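The block underneath contains the structure these notes are about, expressed in structure tokens.
Every chain is numbered from 1, with letters handed out A, B, ... down the list of sequences. A quick note: this is a predicted structure, and the numbers were derived from the prediction, not measured.
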Amino acid sequence: MEVTKSSRIPSFIREAVEEDLRTGRFTYVRTRLPPEPNGYLHIGHCKAFLIDYFTAKEFGGELYLRFDDTNPAKEETEFVEAIQEDAAWLGIKWDKVTFASDYFDLLYEWAVKLVKMGLAYVDDQSQEEMSANRGTLPKGTKWSETEAAVRPGVDSPWRNRSVEENLDLLERMKNGEFPEGSRVLRAKIDMAHPNILMRDPVMYRIMHVPHHRTGTKWHIYPMYDWSHGQNDSMEGITHSLCSNEYIIHRPLYEWFIEKLGIFPSRQIEFSRLNLTYAMMSKRKLRKLVESGIVRGWDDPRLTTLRGLRRRGVPPEAIIEFVTGLGETKNDSWVEMAQFEAVIRDVLNKTALRRMAVLKPLKLVIDNYPDDLVEEMDAINNPEDPAAGTRKVPFSKVLYIEQDDFREVPPPKYFRLFPGNEVRLRYAYLVKCTHVVKDEKGNITEVHCTYDPATRGGDAPDGRKVKATIHWVSAQHAVRAEVRLYEQLFTVERPDEGELDEILNPNSLEVLSDCLVEPSLSNSAPGERFQFERVGYFCTDPDSRPGQPVFNRTVTLKDSWAKIESKLK
RNA sequence: UGGGGCGUGGUGCAACGGCAGCACACCAGACUUUGGAUCUGUGGAUCUUGGUUCGAGUCCAGGCGCCCCAGCCA
């Protein structure tokens, strides 16, 4: 199977798959998405999802979406729906939806088989005893600052029970005869193994908790290590792609495959995505939502898929970003700026341009006829001629951006100021004559004159202006709410900080008196625009007909802001 | 004083023994009816010490640094 150069998957994974196909280790490719249904998808999950998806796709294989629902105490059906919805929005297509719980019966049979082989046993030790008998790591690790040397584990007193007794106890564990925590089934490997995961790992624990799919049938539930790899085998998954934290699990993954003689799925690891300023911790994400710090799982400041979607980030941008990162096994932190650059790139090519004034300042053209209204031709997207043009109404009284006028201009400022001429986009050249102030000295109106010969924005005499500003016609403009977002956190690695110390108090600014051009009046939620010279925006579901609400996705690059900040 | 993984500009990736390249960021400039986009240019990196080799980011040996692992979580 040949894969094109424009591969969307990491080269070291592609090479491994190609090799497996070439050597005949596998004759087909099948991958799996393994979400645990206990939370919403975020940008970090996308990486694994996309790698699994594109690996299957590029090799003409299949992708299964398999929910890892082995812990009924934490999981809910709600998330099963949400995850599928979000993954579908991203553009991922799968061939089949399965659940770890689909395989509970077969898995149990395999456990019985291991018991019969003398490779698993029921342990009656308490959790504390088990932990104490597992041995220790040396000092210098985060678990053991002062503790002495490595200590191997010691065998459980129950380690050498007879097969018959183990079989009986396991059966009764399954039937719910014992209290939670009283017994577990363990694989019998090696309590002195240097890899702690191999020191007789727990396979089943007792939980008298109803499961969202199997109800009250089971009183024991499998641990990750005794489920995931077995499910991979049962489903004929060829490549089980996961993050680096599972590297240490691989020997155990392979131990079960070998002892059971089952289909030899291959686990390959890659580094997870770390994005600066993004919250990935499930626990903290939940806290943000439940405490009301953000508006919900789809708050546009969150890097959940739902948040990104509401914010206006197109799925293609996420795909471009993630697949464009390249991949190694290195621990890495990607800068949010890189994500934003991709978002701008995609939106620049696709978003329709509109004029919107966020902080309005009245502009009166004194020599323009009082009742005249002209329809100006405006280009919808200079990057895409096929997007066509539209008409925008123009009249004597307009609103412009407060930032676009200065009574006393700083150096290099070439927008509107008394005596200066600028272009009103797609309209006329206007020259500022004077301002009107209220009793407090605030500017309430800017007055100017226009040059009737410059309709459309070009001067017949060839004179140039250094700035073009956007505007809306006062009598035609639609009032809108605009929500401006900044980073939710003040630190690059919010997962590592205390929530109340790292929140950016200015992460949300709501502007309720914005004025936008009439064509935006009935924009549908999810529509994305570039408000010229301001940024990219997406219509929010809170919008009502004639009362649109917009979320700022990202700003435009603002070179004036840079100049201005240097002046200070 | 365990086991495992990883070290290339500020950040993320390339270079599979042969001129260290790309993107983002940064800086300078050109162009512009978006101070957008586009274009051009500058600066800046192989963790370290040895070894092998005509030649090492790459191979070998030793250091150093960072990350992961003692849930009946996944």
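Of the C1' atoms belonging to B:A56 and B:G18, the separation is 10 Å, rounded to the nearest Å. Between the P atoms of B:G17 and B:G3, the separation comes to 31 Å (whole Å). For B:C59 and B:C68, the C1' atoms lie 28 Å apart once the distance is rounded to whole Å. Of the P atoms belonging to B:U46 and B:U8, the separation is 10 Å, rounded to the nearest Å. Comparing B:C24 with B:U40, their P atoms are spaced 12 Å from each other, to the whole Å. On the C1' atoms, B:G36 is 48 Å away from B:G55, given to the nearest whole Å. B:C16 and B:C27 have their P atoms separated by 34 Å, given to the nearest Å. For B:G21 and B:U58, the C1' atoms lie 15 Å apart once the distance is rounded to whole Å.
Out of B:G71, B:C27, B:U8, the shortest distance to the side chain of A:Met223 is found at B:G71. You'll find that the side chain of A:Lys329 is closest to B:C6, out of B:C72, B:A25, B:C6. Looking at the side chain of A:Arg533, the nearest of the listed nucleotides B:G36, B:G3, B:U34 is B:U34. Among B:C72, B:A74, B:C13, the nucleotide with an atom closest to any side-chain atom of A:Ser332 is B:C13. Among B:A14, B:C6, B:G36, the nucleotide with an atom closest to any side-chain atom of A:Ser559 is B:G36. Relative to the side chain of A:Leu325, the nucleotides B:A74, B:C72, B:G12 differ in distance, and B:G12 lies closest. When the nucleotides B:A74, B:C13, B:C24 are ranked by their closest atom to the side chain of A:Ala341, B:C24 comes out on top. In the set B:G35, B:U8, B:G36, B:G35 carries the atom at the smallest distance from any side-chain atom of A:Ile563. Of the candidate nucleotides B:C72, B:C68, B:G12, B:C72 has the atom lying nearest to any side-chain atom of A:Gln127. For A:Pro382, the listed nucleotide lying nearest its side chain is B:G36; candidates were B:G36, B:C13, B:C27.
Contacts of A:Tyr204 with the nucleic acid, taken as non-hydrogen atoms under 4.0 Å apart, are absent. At a threshold of 4.0 angstrom between heavy atoms, the contacts of A:Gln125 include nucleobase atoms, whether or not backbone atoms are also involved. At the heavy-atom level, A:Asn244 lies nowhere under 4.0 Å from the strands shown. At the heavy-atom level, A:Tyr246 lies under 4.0 Å from base atoms of the strands shown. In this structure, A:Lys566 reaches the sugar-phosphate backbone alone: every heavy-atom distance under 4.0 Å involves primed, P, OP1 or OP2 atoms, never a base. Residue contacts for A:Val184: at a heavy-atom cut-off of 4.0 Å it reaches a base atom on one of the strands shown. Looking at heavy-atom distances under 4.0 Å, A:Asn38 makes no contact with the nucleic acid at all. Within 4.0 Å (heavy atoms only), A:Tyr413 reaches at least one base atom of the nucleic acid. Looking at heavy-atom distances under 4.0 Å, A:Ser227 makes no contact with the nucleic acid at all. In this structure, A:Tyr221 reaches neither bases nor backbone, as no heavy-atom distance under 4.0 Å exists between it and the strands shown. Looking at heavy-atom distances under 4.0 Å, A:His193 makes no contact with the nucleic acid at all. Using a 4.0 Å heavy-atom distance criterion, A:Glu532 is classed as a base contact. Residue A:Pro222 is classed as a sugar-phosphate contact, given heavy-atom separations below 4.0 Å to backbone atoms only.
Rounded to whole Å, atom P of B:C67 lies 15 Å from atom CD of A:Glu245. Spacing between atom CD1 of A:Ile248 and atom C1' of B:C68 amounts to 7 Å, rounded to whole angstrom units.
When each of A:Ala337 and A:Ile247 is assigned the nucleotide of RNA chain B bearing its nearest heavy atom, the one mapping closer to the 5' terminus is A:Ile247. Both A:Glu327 and A:Thr70 lie close to RNA chain B; mapped to their nearest nucleotides by heavy-atom distance, the more 5′-ward contact belongs to A:Glu327.
In terms of phosphate contacts, A:Lys412 brings no side-chain nitrogen or oxygen within less than 4.0 Å of OP1 or OP2 of B:G35. Considering only side-chain N and O atoms, A:Lys74 lies nowhere under 4.0 angstrom from the phosphate OP1 or OP2 of B:C72. The side chain of A:Arg415 contributes no N or O atom lying less than 4.0 Å from OP1 or OP2 of B:U34. Proximity of A:Arg205 to the phosphate of B:C73: a side-chain N or O atom is located under 4.0 Å from OP1 or OP2. Phosphate proximity of B:G71 to A:Arg134: present, with a side-chain N or O under 4.0 Å from OP1 or OP2.
Between A:Met279 and A:Asp495, the closest heavy-atom pair is SD-OD1, 3.1 Å. The minimum heavy-atom distance linking A:Arg390 with A:Ile379 is given by the pair NH1-O, 3.3 Å.
In this structure, A:Lys329 forms no cation-pi arrangement with A:Phe270, as its terminal cationic atom is not both closer than 6.0 Å to the ring centre and no more than 45° off the ring axis. Both cation-pi conditions hold for A:Arg183 and A:Phe178: the charged atom is under 6.0 angstrom from the six-membered ring centre and inside a 45 degree cone around its axis.
A:Glu15 contributes a side-chain N or O that forms a donor-acceptor pair with the base of B:C16 under 3.5 Å. Taking 3.5 Å as the limit, the base of B:G10 and the side chain of A:Glu335 contain a donor-acceptor pair of atoms between them.
Under the 6.0 Å cut-off for aromatic ring centres, A:Tyr450 and A:Tyr428 qualify, their centroids lying closer than that. Annotation: A:Tyr253 is not in aromatic contact with A:Tyr246 [ring centroid separation under 6.0 Å not met]. Ring centroids of A:Phe99 and A:Phe67 are separated by less than 6.0 Å, placing the two rings close together. Checked against a 6.0 Å centroid threshold, the rings of A:Phe339 and A:Phe321 count as neighbours.
A:Asn133 contributes no side-chain N or O that, together with a main-chain N or O of A:Met130, makes up a donor-acceptor pair within less than 3.5 Å.
Because its glycosidic torsion is more than 90° from 0, B:G4 is reported here as anti.
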